[in-house]
Visitor: 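First the structure, then my questions, so here it is.
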Amino acid sequence: MESNLGYLEYELCKYFNVIPKGLGDLRVKDPNGVYFVESHMIHRWNEEAKAMEEAKHPNSARGYIPQ
């Protein structure tokens with residue numbers, strides 16, 4: 001994917017099982033529900049990215065005690 005926005009739209013369409021036009025209709029009918037799912041996906045992706053970054057640097061992981 002070239003942009004994260006495009007990937008987010010793709011994942012939302014897959015989650016709600018609609019085409020992009022249907023996703024736009026959902027945003028009009030239930031903006032809070034779509035916003036909640038969007039923000040949850042973004043939060044989950046950010047947490048995964050943070051965990052992957054910590055895994056790259058094992059010395060900076062929580063609970064590491066140098067000896």
Side-chain angles (χ1 to χ4, degrees):
M1 293 288 165
E2 296 224 356
S3 71
N4 291 334
L5 182 59
Y7 184 71
L8 177 63
E9 293 292 317
Y10 168 77
E11 288 293 321
L12 285 171
C13 288
K14 192 168 73 171
Y15 179 81
F16 288 113
N17 198 24
V18 295
I19 60 174
K21 182 174 177 19
L23 186 61
D25 293 340
L26 278 176
R27 283 194 169 119
V28 170
K29 291 178 186 172
D30 185 20
N32 291 333
V34 175
Y35 174 75
F36 175 77
V37 173
E38 282 179 345
S39 60
H40 174 72
M41 285 181 172
I42 292 169
H43 176 73
R44 187 182 73 214
W45 292 334
N46 287 339
E47 291 295 315
E48 288 174 2
K50 188 187 303 182
M52 288 179 68
E53 190 64 34
E54 284 183 6
K56 287 181 183 177
H57 307 288
N59 293 342
S60 65
R62 293 181 191 148
Y64 175 73
I65 301 171
Q67 298 189 12

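Remember, predicted model here, so these are calculated numbers, not experimental data. Positions are given from 1, in the same order as the sequence printed here.
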Visitor: Roughly how far apart are His43 NE2 and Glu48 CD, rounded to 0.5 Å?
Guide: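 Between His43 NE2 and Glu48 CD, I get 10.5 Å after rounding to 0.5 Å.
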Visitor: Please report the closest heavy-atom contact between Ile19 and Cys13, naming both atoms and the distance.
Guide: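 Of all heavy-atom pairs spanning Ile19 and Cys13, the closest is C-SG, 3.9 Å.
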Visitor: Is Asn17 atom CG crowded by more than 12 heavy atoms from other residues, nucleotides or ligands, each under 6.0 Å away?
Guide: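 Check fails, neighbour count at 12 or below.
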Visitor: Tell me whether Arg44 is salt-bridged to Glu11, with the criterion being a basic N under 4.0 Å from an acidic carboxylate O.
Guide: no
Visitor: Would Val34 and Trp45 show up in the same hydrophobic cluster when neighbours are defined by side-chain heavy atoms closer than 4.5 Å?
Guide: yes
Visitor: Is there a path from Tyr15 to Tyr35 through hydrophobic residues (I, L, V, M, F, W, Y) whose side chains come within less than 4.5 Å of each other?
Guide: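 Different clusters: Tyr15 never reaches Tyr35 through Ile, Leu, Val, Met, Phe, Trp or Tyr contacts under 4.5 Å.
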